[in-house]
Structures are given as structure tokens and as C-alpha cells.
Amino acid sequence: MKKLITMLLVSFMVFASLTGCNKPEEPEAKAIKIGLSGPLTGGAAIYGQAVRNGALLAIAEINAKGGLQLELKMEDDEADSTKADTAYDVLLDWGMQVSMFTVTSGAGSGVAPRYDADHIFALTPSGSAPALVYSDTKVYATTFQMCFSDPNQGVGSADYIKTHNLGTKVAIIYKSDCVYSTGIMQKFVDRAAEIGLEIVFQGAFDDSSATDFTTQLQGAKAAGADVMFLPIYYTPASSILKQAADMGYAPVFFGVDGMDGILTMEGFDTSLAEGVYLLTPFAADATDDLTVHFVTEYQKAYGEIPNQFAADAYDVVYALYQAMVAGGVTYDMTAQEIADIMIAQFTTMTFDGVTGTSVTWAPNGEVSKAPKAVIITNGVYVNAE
Amino acid sequence: MEKTIRKIFDKKHISRTISYLVVIGGFVAVQLLMNTVGIKSLFRSLLVPTCCYIVAALSLNLVVGVSGELSLGHAGFMSVGAFTGIIICGVLEPYLALNWLRLLIAIILGGVAAAIVGLLISIPVLKLQGDYLAIVTLAFCQIIKSLLNNIYLGIDSNGLHFSFIENRVSLIPGGKMLLSGPMGATATTRLATFTAGFLLILLSLLIIYNLTYSRYGRTIMAARDNRIAAESVGIHIRNTKMLAFVISACLAGMSGALFGLNYSTLQPAKFDFNLSILILVYVVLGGLGNITGTIIATLILYALPELLRGLQDYRMLIYSIILIVIMLITNNRKLKDKTDALIADIKARLPKKGSAAHD
């Protein structure tokens, strides 16, 4: 008898699981499904969380208007390209119609060819490496960027340091096993040579040595550097600021968008970041209507001042929405049909958001907008111009 | 014929039979599901990496379990295999249209490259014991990662172009970068298939079981269990350990090659210390020297974080709790006695059934 019951149960389970697989994933025809993958756990989690917050805020606002409805599903990829591959499959299973791509460059470079092959439109809020939109051999037709690309950040930083006379001798500390960091570093070095900016020290570190920077800092100090360029993520940057303060070394620190997030990092003494410059498209203290509205709404919802990642994500959702409305996207369209409409829209439209006005996109997916420099004063970003 | 069948089911070889049955059964089940009702893309994307991790764990078990040396640098061998495989495939692409043949060549050469590196490493490493060996293998893994992080290799119609530390490779139009430093391999053609993964697992089972059941296997285990006694009966300790180490490196290289060809981009940073530890966790929780256990532990532990995706932010928390629970269960005497009793019970029943079926 027991055996019979077991057999029955087992066969029922098998049947149930089979029907589970077999069920066609019908789009519910209520909202456009937007996929997104980013780090929600691990060392870059602040980026993923900020992007999710920004995107959800924009979606809530758009849905409240009552027009085209949007729905977001975010999967964790731990900023790892192989995990992002799996996350992409999860989003496919869910029935993603349009995508916010990945939050980080390393993860995005792995899935970019798949978005292109499957012809699904993807606009990344913060994946800044060129590898996300084109490779050596081809341009990915469906992938676009909302943030400015790494080469532009390197060039922009060098120009800013030179024209604003922040210092004469530059030291660089970069992460040698990171696509983002080496990409910016190389462009910065090239640009510095062109405009006559002297680089006196270059120190590298990698994942396994990302906690102790005394060697690099002492090297920079001995070389007499008065500006330190940090094209790295906020976690190692926070250690560098701490260790530099401990040894009484105070050059002008200059970061790029990876530095963003340092003020919201848990357990970090924000007074250490006073006077740090960083290049970002977004300054929370800007007084234009869009930014003021975004910052107040974000603070109301999450209790903190939004960083550039949240702002980029907010803009991505609005840019997608603008293109979808203009292109007449409907709920029952397939991802491929939507992709064709979106490509046509994005290569022709102009977008105004919190991270830039009159933003346009090149056919290869790169965005054109002006980088801004901000300086951290009393724990908030202040426009440095 | 009867002798062969008895050999399959006798006490000594039953663990081998179970390993093969688990692997073949799993393959057939997945194939059936794929061809009848279809499986989700999520599971399809997990198939090949799972196979790779199983082979890597099996090969590490040869060093840690069978040979009794703690190696913390297994990801280094995978890395050598992976990037060798990717480069080979990139070079052969214009000349060889057959995908499976290119994959086969890449896997074999990936294994050979890792074996050569393993042989070179084993010369200094196997003069050391215990903690020192662990430290040196760990350093080896870091060295491989740092080297690969600085290699720039491109190919165009003029041939291969190489530069180190700084990217000085300039290609004529139509060429492509095979390795670009920390960005690793970009735009690789994805060749890996589940069938290839399955065959690779079978191959590693074949090698590992034939080795452990052979005279060489017994000398390896003798050297592990009592070094002095083994030396006194004339066993050359270093050579026997080297044999296990090199075979293990070769298998890890093969799994790495398959892994590398399963993704369009792969960064050298993927094969870091954490990955070595992850594989070691599979081996330890599966049971040292226990082949079937390793396979099952890898299956469960690799798939788990992906299956827990539904839990959103809490999944890594739950994953670590599950790891701790498994660790406690396998080391708790009471629970262990119970599971041992259960296994003994099953074993007591098996030969009866076997003999009844073949009488």
C-alpha cells in the first residue's frame, strides 16, 4: 500500500513538473516587461541597489500616469560575466521584452553578443566599457549606453585636471584585472601625454591585493604627486582614502563614476571623502526642475540622496518610455519587433533627463552628453564649475 | 560474460558502477526532457558549466582525496586550459569549419597545456608537504592570473601578434583580438555543448577509476597513507604523487577549455583563488576520495545559488546557511552513524538482488 502511494505521489510530481515546463509563457498583456541584471550581492552591490531604486522610482511615476505600463525584473549577477549569462537566461524565461542590460561593464561585455544575436533592445544605465556596444569585429545593433563611455571619462578627467590646474604631478592607482579601470587608465595616460600633464607614478593592484595600498601610496608620495587619479570602484577607493589619511598624505583625489557610491557605503567615514573630485554626469545639488523633482522623490522613497547610478537608471527608464510611446509599442509585441522600433527611435530622438539635456545616441550605441565634475563638500556633491 | 557482469557488481567495483549510472542516468534524463517537453533557458545555460565543474572537482579529488595533498591552485590549471582552448579555436576558425572537431582539438590541447604546466609546477611543489604545498599552489594560481592579465594577443591575416603588459598589438582590418589583458577573451565563438561535457565527465571517470584500481593507484594511496612504509617497500614517493598531480592538472585543463568555450567573453580574473576554494568545497563536502559524492555535491552546490534566485536578496545568505548545514551534517557523529547504517542497509540488499537477477 505504502509503495502504491509513493508511486502515485512520484508520478504526480513528475506530471506536475512536466506540465510546469510545458506551460507556454504567455505575456500577461498588462505591462511591458523590462529585464535588468546587476550586482545585488558582493563588492559592487551599491551600484545594483542604486540602479534598482532609480528604475523602480521612474516606473512607479510612469505607471501612475496611467498610460503605457511597465514592469521590472532584476536578477543578481554579482558583477560577473558568467553569472550575467545565467541571469540573461532567467530574464528570457520570464519573457523580457526590452532590457536595461547590465549595471557593470564586466558583466555586460559577456551578454552583449547574446542581446545582439537574439535581437533584444538593451540600454545600460552604467556599463561604460566600449565592449558593451561594439567589439573588434562588429557593432552590436541592439545595445546602447546611457552613461558616457570609459575612453571619454579618461580623456575628460585628464582635460579637467589640466585646465583647472588641480596639480602638476599626477599619480594613478588602478586595478589591473578590471576592464573598466584599465580602460580609463590607458586613455588618461594617452591624453595626459598629448596635453602635457606629467604622470609621476602608476601603481596597480588586483582583486587579491585590494585592501592594502600602503606600497602604492608611499610610492606616490615619494614621487611627489599632488594629484591622485583613481579610476576604480568605490570599495578600494575608500581604503585608499583611509590609508592616505592615516599616513598624513593629502593630494587632491580625483575619481570617475566608479567613485560614486562612496558616501553611502556602510562603515565609511564620509569626512575622509571631503574635497574629493569626481567626474559624473549627475550632481544632486543641481537646481533644474527635473533634478530637484528626482532628488526629492528619491529621498522620500529611500531616505538617501541619489547617486549617479540611480540617476542613470531613472533616465534609462524614461528614455525607454519616451521611445516606446513615440514608436507606438504595444504589450503584445515580441522583443524583436520592439527592438526594431527602439533602434529607429534611439538613433533619431533627443532626450532630456537628470543626467544631461539634449542627449543623443550614435548608431553604434554610444551616448553623447557632457561630463560634469563635482567636489564632495560637507558630505554632498557640489558642482565644481 | 558472466565474469564481466560479476565484476561490475562485485563489492570492489560497485562505487564505479554507481558513478557511471549517476552520470549516464542524468544525461539521459536531461536529453529526454530537452527533446520532449523542453527545459527552461536557465537550466540549459547551467548544463555545460555544471559538467565543467564536475570534471574540475573530480580532478581535484584525485590530488586531495586519492593522493592526499592539499592543492589550492586548481583554478590556475583551468585557466591555462581555458585560454589555450580559446586561442586554439580562434586560430583554427578560418581553416576548420567543423565545430565539434575544433572543440575536440581545443579540449585536448587545453589538457596538454595544463599537463605541461602541471608537470613543471610539480617539480618544486612535490618536494614540499602539507601547508607549504598549499601555499605554493595558491601562489601558482595568482601567478597564472597575473600573467594572463597582461597578455595581449591578436590575430589577422599576417599571423599572430603578441605584446606583454602594454597593448601594442595593432591589427590590420579584419583581424581580431584573442586575448586583451584584463578584458580576457572577447567575442569567442561558443562551441561547448552538453554532450561534450557529458563525454568529458565519462572520460575523467574512466581515467580516475582505472588509475585508482591499478598498481599505480595503489602506490599513490600507499604513499598517502604511510609515506615511510611506502618508501621502505621501494615506492618512489615523488614520482607517484607527480603522476596524480599531472593527470589532475590535465583533466582540470580540459574542463577549463570546455568552460572557456561556453562563453563569448571570459576574463582571467574569473579563475581566482575563490574558484579554487569553491571546487575544493565541492570535493570536501562530496567526500575525499569519494567520486560519486563529488559529482552529486557539485551538482547540488553549483545549481543551488541559481535555483535560489526566487529568494532575491536573501539567496546568498540562504546558500551559506545551507553550506554550513551540510558541513555539520557530514561531520556530526550521530547523523553520520545513521547515514552509514542506511548505506550499509542498502548494500546488504544489493548483492542479493544482483545475484538473483543473474542466476
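A note on names: the letters A, B, ... follow the listed sequences, proteins ahead of strands, and every chain is numbered from 1.
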Contact summary for B:Ser264 and A:Pro113, nearest pair of heavy atoms: OG-CG, 3.5 Å
In terms of heavy-atom proximity below 4.5 Å to chain A, should B:Phe273 be classed as side chain, backbone, both, or neither? neither
Given heavy-atom pairs under 4.5 angstrom as the criterion, report whether the side chain, backbone, both or neither of A:Ala112 touches chain B. neither
Of the backbone (N, CA, C, O) and the side chain (C-beta and beyond), which part of B:Arg44 lies under 4.5 Å from a heavy atom of chain A, both, or neither? neither
Roughly how far, to the nearest 0.5 Å, is the CG atom of B:Asn262 from the CG atom of A:Asp85? 7.0 Å
Residue part contacting chain A, namely of B:Ser146, when any heavy atom lies under 4.5 Å: side chain
At their closest point, which heavy atom of B:Ser45 faces which heavy atom of A:Asp89, and how far apart are they? CB-OD2, 2.6 Å
Could you tell me the separation between the CG atom of B:Leu317 and the OG1 atom of A:Thr41, rounded to the nearest 0.5 Å? 11.0 Å
Do side-chain atoms of A:Asp93 reach the backbone of B:Leu42 as a donor and acceptor pair under 3.5 angstrom? yes
Would you mind reporting whether A:Ser109 and B:Gln267 have side-chain heavy atoms less than 4.5 Å apart? yes
Around atom CG of B:Asp345, are there more than 12 heavy atoms of other residues, nucleotides or ligands at under 6.0 Å? yes
Please name the pair of heavy atoms, one in B:Thr265 and one in A:Gly110, separated by the smallest distance, quoted to 0.1 Å. OG1-CA, 2.6 Å
Whatever's closer than 4.5 Å to a heavy atom in chain B on A:Lys175 counts as neither
Quick check on A:Gln186 against chain B: is it the side chain, the backbone, both or neither that has a heavy atom closer than 4.5 Å? side chain
At a 4.5 Å cut-off on heavy atoms, which part of B:Lys270 comes close to chain A: side chain, backbone, both, or neither? side chain
Of all of A:Asp206, A:Val90, A:Thr82, A:Thr182, which one pairs up most often with chain B through heavy atoms under 4.5 Å apart? A:Thr82
